[in-house]
J.: 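One structure, as structure tokens, below. Some questions next.
Owing to the predicted nature of the structure, the values given are computational and were not obtained by experimental measurement. Read the numbers this way: they start at 1 and go in the same order the structure lists the ligands and their atoms.
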Amino acid sequence: MTTSASDRLEDVLVQGDANPIALDLGPGYLGEALLPTQSVANAYATVLADLPRAALGYGPELGPRPAREAVAALRGVDSDAIMMTAGISGMLDVIACANRSHGGTILVEAVSYDLANAVFRDHGYKIARTRPEESDPVRALAQALELHRASTAFIYLTPTLGNPTGRTMSIEQRNAVIELAQRFDVQIIEDDAYADHVEEADRPLSLAELGSGLETRDHQPLVIGLGSGSKVLGAGLRVGWLMAPPEWLHEFSSRGQFRSGGCANQIAALVLAHLVANGDYSRQARRVRHVLAERATAFRTGIAETSEGLLTPSQHWAGGLFDWIDAPNPTAIERGGELEGIRVYAGTRFGEDSRGHLRVAYGTVSAKEAHEAGRRIGALSTNPSTTTTTFLEDQ
Ligand SMILES: Cc1ncc(COP(=O)(O)O)c(C=O)c1O
């Protein structure tokens with residue numbers, strides 16, 4: 001029997017599976033070993049048994065009350081300030097659409113999440129980055145605001161375990177960012193996808209919490225916070241939430257999309273509520289933090305063994321999915337790795353010029369594989385042919 005192209009396409013069930021690679025430290029999502037499959041299966045069964053009409057009906061525009069209360073409990077905020085969503089990506093799209101009248105530029109950090117920028121570009125925005133030479137993120141943002149003040153629609157930031165750097169802004173930096181947003185009268189969209197990868201006791205207040213009650217001069221919330229279940233429960237649930245003042249949420253949720261479809265992901269919002277209530281969400285977040293830390297240690301040990309000091313993590317491991325590794329020749333290592341069946345990304349993908357960093361993601365490899373990948377990537381960095389290729393390319 002012959003297989004047609006469309007048959008083969010139907011075999012592909014997971015984004016990226018069409019292009020498999022042996023040691024994949026590229027993608028920013030949880031692999032099978034880290035997914036809470038049984039908990040989620042139980043939660044769906046319970047929700048469907050206990051609340052069939054709610055589970056399969058249109059939900060309230062802001063999301064079912066138990067889900068809003070569950071997120072509020074997780075974050076220690078008022079449930080009236082929470083709207084359930086179908087994840088951060090979709091909400092970035094809606095917010096980008098809603099802000100079109102405000103200006104044509106979105107300010108992002110010198111390196112930032114590439115696919116958020118893809119969403120913004122879909123809406124015709126230009127992306128303005130802060131200067132990479134400025135190591136203080138607050139000063140960098142102030143300079144960029146000064147430069148683009150007339151055209152800025154909003155600032156997009158991931159202040160907790162950011163993608164790609166894994167950096168977390170201190171509380172002082174967060175307060176300073178809020179002050180800047182007030183001074184320049186610009187809204188901040190806070191992408192808090194990785195908040196649960198930091199233990200609650202160590203997690204600084206989010207920008208959305210710090211800015212709650214503050215408004216821009218045209219009465220928009222100074223900060224809109226976006227959260228996601230993707231990096232704890234799995235991206236397939238497509239569940240997340242938005243944090244903003246209740247009055248604004250009522251207006252926002254009256255957009256045609258929510259009036260027509262109700263809650264953006266009703267059944268998954270109810271599942272999330274169930275998992276928070278029975279403690280599985282917190283247990284799973286703890287497990288994810290623990291396993292990712294083991295993988296990071298293993299990879300870092302691997303590069304230390306073979307890279308002769310050429311590859312070094314840019315900071316202590318603080319959690320999250322990503323490591324940001326100082327590398328003299330990242331584009332050549334990315335290419336060399338691919339040839340050896342190892343995927344890591346050069347910083348260029350996130351806005352960096354070709355000298356600088358590798359982003360390594362620990363979502364889908366075991367600790368043993370991470371160690372092996374670290375050793376081989378480390379060896380590649382010392383390989384003169386890799387270095388020469390980059391040197392020529394970087395001229
Ligand atoms: C910073 C950041 N924001 C958002 C997302 C996507 O979130 P969601 O799955 O909720 O759309 C990702 C996924 O990689 C991410 O790294």
J.: Is there a donor in the side chain of Asp196 and an acceptor in the side chain of Tyr281, or the other way round, less than 3.5 Å apart?
T.: yes
J.: So for atom CD, which belongs to Glu251, do other residues, nucleotides or ligands contribute more than 12 heavy atoms lying within a distance under 6.0 Å?
T.: no
J.: Side chains of Gln315 and Trp324: donor-acceptor distance under 3.5 Å anywhere?
T.: no
J.: Which of the numbered atoms in ligand 1 are below 4.0 angstrom from a heavy atom of Asn163?
T.: 1 (C), 15 (C), 16 (O)
J.: Is the closest heavy atom of Lys231 to ligand 1 under 4.0 Å?
T.: yes
J.: Could you identify the single nearest non-hydrogen protein atom to atom 4 (C) of ligand 1 and state the distance to 0.1 Å?
T.: Asp191 OD2, 3.4 Å
J.: Of the backbone atoms (N, CA, C, O) and the side-chain heavy atoms from C-beta on, which set of Ile88 has a member under 4.0 Å from an atom of ligand 1: side chain, backbone, both, or neither?
T.: both
J.: Among all protein heavy atoms in this structure, tell me which lies nearest to atom 11 (O) of ligand 1, with the distance rounded to 0.1 Å.
T.: Ser89 OG, 2.5 Å
J.: Answer side chain, backbone, both or neither: which part of Ser230 comes under 4.0 Å from ligand 1, heavy atoms only.
T.: side chain
J.: Between Arg183 and Glu179, does any NZ, NE, NH1 or NH2 come within less than 4.0 Å of an OD or OE carboxylate oxygen?
T.: no
J.: Using the six-membered ring of Tyr345, assess whether NZ or CZ of Arg349 lies under 6.0 Å from its centre and within 45 degrees of the ring axis.
T.: yes
J.: Heavy atom of Tyr194 under 4.0 Å from ligand 1?
T.: yes
J.: Which of the atoms of ligand 1 are close to Gly28, meaning less than 4.0 Å from one of its heavy atoms?
T.: 14 (O)
J.: Would you call Asp323 and Arg300 a salt bridge, using N to O less than 4.0 angstrom?
T.: yes
